[in-house]
Amino acid sequence: MLDLRTVTERLDETRAALARRGFTDAPALDRLGALAVARRDAIVDVEALRHRRNVASEAMAQVADKRSAEFAARRDELRAVGAEIKALEARQSEAERELTDLLARIPNLPDESVPSGSGEADNVELRVFGERPRFPHEPRDHVDLGVGLGILDFERAAKLSGARFVVLRGLGARLERALIQLMLDLHVDEHGYTEMWVPTLVKDTALHGTGQLPKFAADLFRIAKDAQWEREAEAGGHELFLIPTAEVPLTNLHAGEILDAGDLPVAYTAYTACFRSEAGSYGKDTRGMIRQHQFDKVELVRFVRPDDALAELERLTGHAEAVLQRLGLCYRVVELCAGDLGFSSKKTYDLEVWLPGQNAYREISSCSWFGDFQARRLKARFRPAPDDKPQLVHTLNGSGLAVGRTLVAILEQYQLPDGSVRVPPALRPYLGGLDTLRPPG
RNA sequence: GGAGAGGUGGCCGAGUGGUCGAAGGCAACCGCUUGCUAAGCGGUCGUGCGGUGUAGAGCUGUACCGGGGGUUCGAAUCCCCCCCUCUCCGCCA
């Protein structure tokens, strides 16, 4: 969420910055200004009245005889004031409700350093790590390889859960587990992250905090246990969502808190399953395990001082890259242009791994700096110095990495002509020293 | 799921309709003191939103005692709904 005061005071700048990322809802921004004025006026009025009531109430407390005519007269007068206050409060909360609804749907402002552009084609390749493997044969994709090795089973997954799920078998399942282990070890032991284990079912408030709601409800799986729960949810009671990423629980960990400056940066990592309904993506990546309703991910989240934020983004991105480097996977770093930025992000680097089977780079990690956008929604603050006022922290996160896609990349980049797959050396200790996955028989 | 208890400031903990943003203690910060041994004394010590402003000082108003609604001239205190925590029972990995 953007800061109302800043937006209204610098409407033109805000408009221009939002236009860069393709958000051009002029009426919404104009309405914001009008609402801000209406809100302030309502506050001034209601507070003046409340002041009057408080003063009068205090005087009433002094009246010894509560049954006197004087007391009754004052009471009757104040009764009217009370009603008026109620009406003004309604006016204020109406303006505030509309204001926050509006504000909650406005995306973050891209950082100045973010390149202009309207979509994926305008993203900027910053660097390439490693070399694309060359094959003496036509490279196969992970589906052929995985099914051939007997480690991926899409048909049985469909039997259980429908499209966009996978079953990992034998060494496939173990490979997945080994990757999780390697990633967590790296981030904890070498990058200084605190490992966390968090719920994968969260309340809607958590999703508001990181920005998935209210705008992207269609991408989420919502849990309605039964008809009664459904009704309670309507009434503001139970309602839980499967997390689309561990960013949600990890970032919400410090919602409503004031952190000590000395504790920053706070760095968390967690492995979780992630769930996405990807409602808008029918027909995209239908083959294989590139886009699944359920997938594993190791996530990195950092809470930092605003001054350090840009350097922190580089650091975080480096941590995610370290996984790919450790595994010897060829990838590139791409900076998203303004038009391709996620809703809450100020600046994002995508790591794209080379997939020989697709003859393309595909996203395997997305590292973003959110400025105070999430922190404002979360009310996550820190106190710069003991006597200072609390200030919003900056949040960052990145995948470190998407485990399923990492498995895909290993299968495709390390494939051999006979359909077997070499195991990256760094991973071998996690697989009992195994150096090659071979087809059965 | 059933029965009961409870949610108050960074923490502990008073407070059952008006003088309560809220006693007291701890922690923290500042100063003083220092032959009463990590001691003593004094002071400071919440956040949001408005107004004013020599505008990230100061002054001032207002709100906040889990969340929301209600009663009342007035609510931390009374009523209703919801959320959460704890204890016991049931169920369960």
Side-chain angles (χ1 to χ4, degrees), chain A residues 1 3-10 35-100 103 197 199-209 223 225-241 252 254-263 305-307 372 375-393:
Chain A
M1 192 157 68
D3 177 45
L4 175 63
R5 188 174 283 262
T6 312
V7 170
T8 49
E9 280 175 5
R10 302 186 195 169
L35 279 170
V37 172
R39 167 179 174 274
R40 203 210 39 232
D41 290 348
I43 288 174
V44 169
D45 291 349
V46 77
E47 289 196 348
L49 264 187
R50 279 203 279 240
H51 177 56
R52 194 177 133 202
R53 183 182 68 184
N54 287 347
V55 170
S57 265
E58 206 166 321
M60 288 185 73
Q62 306 304 323
V63 176
D65 183 1
K66 307 289 195 226
R67 322 185 84 177
S68 66
E70 183 198 356
F71 190 86
R74 287 179 185 234
R75 189 188 56 212
D76 292 345
E77 188 194 335
L78 279 186
R79 203 187 305 248
V81 173
E84 205 176 335
I85 288 174
K86 201 154 285 186
L88 283 171
E89 280 173 344
R91 203 178 82 195
Q92 179 190 345
S93 60
E94 174 55 27
E96 276 175 356
R97 195 194 53 73
E98 198 183 333
L99 210 44
T100 46
L103 222 39
W197 189 92
T200 39
L201 228 36
V202 299
K203 300 193 281 192
D204 63 328
T205 49
L207 289 152
H208 272 99
I223 304 301
K225 196 169 139 198
D226 54 30
Q228 185 188 340
W229 237 32
E230 189 82 39
R231 280 196 302 278
E232 286 174 8
E234 298 282 322
H238 293 99
E239 183 172 37
L240 293 171
F241 294 82
N252 277 280
H254 292 300
E257 296 185 9
I258 299 176
L259 300 165
D260 289 333
D263 292 340
R305 308 179 64 116
D307 298 344
D372 59 16
R376 184 168 294 106
R377 292 172 162 234
L378 295 164
K379 296 187 176 59
R381 296 172 294 175
F382 76 106
R383 203 180 293 279
D387 286 330
D388 288 350
K389 304 196 77 172
Q391 191 182 330
L392 294 169
V393 297

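Protein chains get the first letters and strands the later ones, always in sequence-line order, with residue 1 at the start of each. Note that these values count all heavy atoms, side chains included, but never hydrogens, waters or copies made by symmetry.
Arg79(A) has a side-chain polar atom (N or O) that falls below the 4.0 Å cut-off from OP1 or OP2 of C73(B). Considering only side-chain N and O atoms, Arg383(A) lies under 4.0 angstrom from the phosphate OP1 or OP2 of U47(B). Between Asn54(A) and C73(B), a side-chain N or O to OP1/OP2 separation shorter than 4.0 Å is absent. Side-chain N/O atoms of His51(A) include one lying less than 4.0 angstrom from OP1 or OP2 on U62(B). Within the structure, a side-chain polar atom (N or O) of Arg381(A) is placed less than 4.0 Å from OP1 or OP2 of G48(B).
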Q. Dot-bracket, RNA chain B: Watson-Crick or G-U, under 3.5 angstrom, [ ] crossing, | other strand?
A. ((((((((.[[[..)..(.....]]].(((((.......))))).(((((((.....))))))).[[[[[..)....]]]]])))))))....

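Atom pair Lys203(A):NZ and C83(B):P shows a separation of 10 Å (rounding to whole Å applied).
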With the criterion being N/O to N/O and under 3.5 Å, what pairs connect the protein with nucleotides 51-56 of chain B, and how long is each?
from	atom 1	to	atom 2	distance (Å)
G51(B)	OP1	Arg40(A)	NE	3.4

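Salt bridge present: Arg52(A) and Glu77(A) bring a charged side-chain N and a carboxylate O closer than 4.0 Å.
No donor-acceptor pair under 3.5 Å is formed between the side chain of Asp372(A) and the backbone N or O of Leu392(A).
Out of U47(B), C73(B), U62(B), the shortest distance to the side chain of Glu47(A) is found at U62(B). Listed nucleotides: U47(B), A63(B), G50(B). Nearest to the side chain of Ile43(A): G50(B).
A residue-by-residue look at Glu58(A) and Lys86(A) shows that Glu58(A) has its nearest nucleotide of RNA chain B further toward the 5' end.
Taking CZ of Arg79(A) as the start and CZ of Arg74(A) as the end, the distance is 15.5 Å to the nearest 0.5 Å.
Taking atom C1' on both U77(B) and A22(B), the two are 12 Å apart, rounded to the nearest angstrom.
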